[in-house]
2 protein chains.
Amino acid sequence: MEKEWRRSMPLLSMNIVMQLTGLTARQIRYYEEQELVHPARTEGKQRMFSLDDIDILLEIKDLLKTGVNIAGIKQIFEMKNSPITSKEVRQVISDRELRAIVKEEMHLAQRQQRASLRQGDLSRFFR
Amino acid sequence: MEKEWRRSMPLLSMNIVMQLTGLTARQIRYYEEQELVHPARTEGKQRMFSLDDIDILLEIKDLLKTGVNIAGIKQIFEMKNSPITSKEVRQVISDRELRAIVKEEMHLAQRQQRASLRQGDLSRFFR
DNA sequence: AAATAGTTGTTAGTTTTCCTAACATGATGT
DNA sequence: ACATCATGTTAGGAAAACTAACAACTATTT
């Protein structure tokens with residue numbers, strides 16, 4: 001019975017998400033506008049959030065609190081979704097794309113360093 | 001973070017509960033009127049359901065489908081809340097009622113095994 | 001057959017919640 | 001000082017949920 005709960009099922013409405021995360025509606029909508037989170041919509045276009053969305057929002061909240069800005073969070077999320085470590089991946093990605101990614105990764109590294117110097121340890125967000 | 005998720009937390013709004021249970025709003029409100037389920041309310045008086053509430057509603061739906069009426073369901077729920085010995089039961093419940101209830105309880109046992117499979121596909125409600 | 005009771009549908013009118021879009025504001029970085 | 005970022009605030013409108021009443025269908029009783 002518990003197993004059928006998919007963390008990705010959009011079950012939660014705005015009000016509840018605000019309570020669960022402590023964020024304002026404005027903040028949540030802004031993070032969606034910045035493409036950090038992608039809640040589902042009802043037929044009437046109202047947002048419906050999943051537990052996964054809650055996790056993402058809490059992570060955003062945490063990262064913002066430690067001084068990372070939206071752009072930085074975007075990079076961090078991209079890293080989590082596509083770790084480019086393996087050779088196979090390199091074969092699939094074009095040279096131009098690869099150069100862009102590497103360049104971004106270096107910028108990201110700088111940002112991380114700055115952030116951690118100022119604010120604290122970010123290592124727990126990486127695996 | 002995962003621990004904050006309580007089955008008794010009222011997180012779900014009407015629309016979602018309708019989808020999860022396959023019941024109409026009218027039915028759900030009627031069952032509340034009959035005191036079979038007791039959803040929480042927002043400040044604006046809107047119903048908020050917990051996972052436990054969902055279970056109850058699914059059980060109501062099942063019992064109704066097998067021919068038990070609201071009064072019978074009420075009795076069954078009372079039995080579950082305060083398990084009493086068979087002698088006492090006979091004093092309170094007529095023979096006919098008892099037979100019906102026992103029959104349904106056996107069905108219930110089967111049903112609870114099936115329960116995890118019963119949820120419908122919600123994906124069509126979202127894009 | 002008619003009446004009754006139980007369960008759900010339907011409708012109307014209202015309230016609550018959520019939406020988008022725009023402009024305002026305080027903080028931060030250049 | 002000025003620009004950018006993140007959020008607040010407001011206005012107007014749309015969606016979702018509410019209550020209450022009445023209708024309808026079913027099954028049971030008289």
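Letters A, B, ... are given to chains in the order of the sequence lines, protein chains preceding strands, and every chain is numbered from 1.
- The shortest heavy-atom contact between A:Arg41 and A:Lys45 is NH1-O, 2.7 Å.
- With D:dC18, D:dA6, D:dG8 as the choices, the nucleotide that has an atom nearest any side-chain atom of B:Gln46 turns out to be D:dC18.
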Under 3.5 Å, side-chain donor or acceptor atoms of residues 18-26 of chain A against the rest of the protein: list the pairs with distances, not counting sequence neighbours.
unit_1  : atom_1 : unit_2  : atom_2 : d
A:Thr21 : OG1    : A:Val17 : O      : 2.7
A:Thr21 : OG1    : A:Leu23 : N      : 3.2
A:Thr24 : OG1    : A:Gln27 : N      : 3.1
A:Thr24 : OG1    : A:Gln27 : OE1    : 3.3

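- In this structure, A:Asp55 contributes its side chain and A:Asp52 its backbone to no donor-acceptor pair below 3.5 Å.
- One interatomic measurement links the two molecules: CG of B:Leu12 to C1' of D:dA17, which rounds to 15 Å at whole-angstrom precision.
- As rounded to whole Å, 14 Å separates atom C1' of D:dA21 from atom CZ of B:Arg29.
- Distance CD1 (A:Ile73) to C1' (D:dC5): 12 Å, rounded to an integer number of Å.
- Distance A:Glu33 CD to D:dG8 C1': 14 Å, rounded to the nearest Å.
- At the phosphate of D:dA16, neither OP1 nor OP2 sits under 4.0 Å from any side-chain N or O atom of A:Ser13.
- Of the candidate nucleotides D:dT19, D:dA17, D:dT7, D:dA17 has the atom nearest to the side chain of B:Asn15.
- Atom CD1 in B:Ile60 sits roughly 13 Å away from atom C1' in C:dT7 (whole-Å rounding).
- Across the protein-nucleic acid pair, A:Met14 atom CE and D:dA17 atom C1' stand 18 Å apart, rounded to whole Å.
- The phosphate of D:dT7 (OP1 or OP2) has a side-chain N or O of A:Gln27 nearer than 4.0 angstrom.
- Considering only heavy atoms from C-beta on, A:Phe49 comes within 4.5 Å of A:Ile28 through its side chain.
- Nucleotides of DNA chain C nearest to B:Tyr31 and B:Thr42 differ in position, and the one nearer the 5' end is that of B:Tyr31.
- Taking the nucleotide of DNA chain C with the nearest heavy atom to each of A:Ile16 and A:Arg26, the more 5' of the two is matched to A:Ile16.
- Residue-level contact check: B:Arg47 touches the backbone only, with heavy atoms under 4.0 Å from sugar-phosphate atoms and none from bases.
- Distance CZ (B:Arg41) to C1' (C:dT16): 13 Å, rounded to an integer number of Å.
- Side-chain proximity of A:Tyr30 to the nucleotides C:dT17, D:dA6, D:dC18 is greatest for D:dA6.
- In this structure, A:Ile16 and B:Leu12 have side chains that are not in contact, with every pair of non-hydrogen atoms separated by 4.5 Å or more.
- Going from atom CE of B:Met48 over to atom C1' of D:dA17 covers 12 Å, rounded to whole Å.
- Which of C:dC19, D:dA17, C:dT7 sits closest to the side chain of B:Ile70 comes down to C:dT7.
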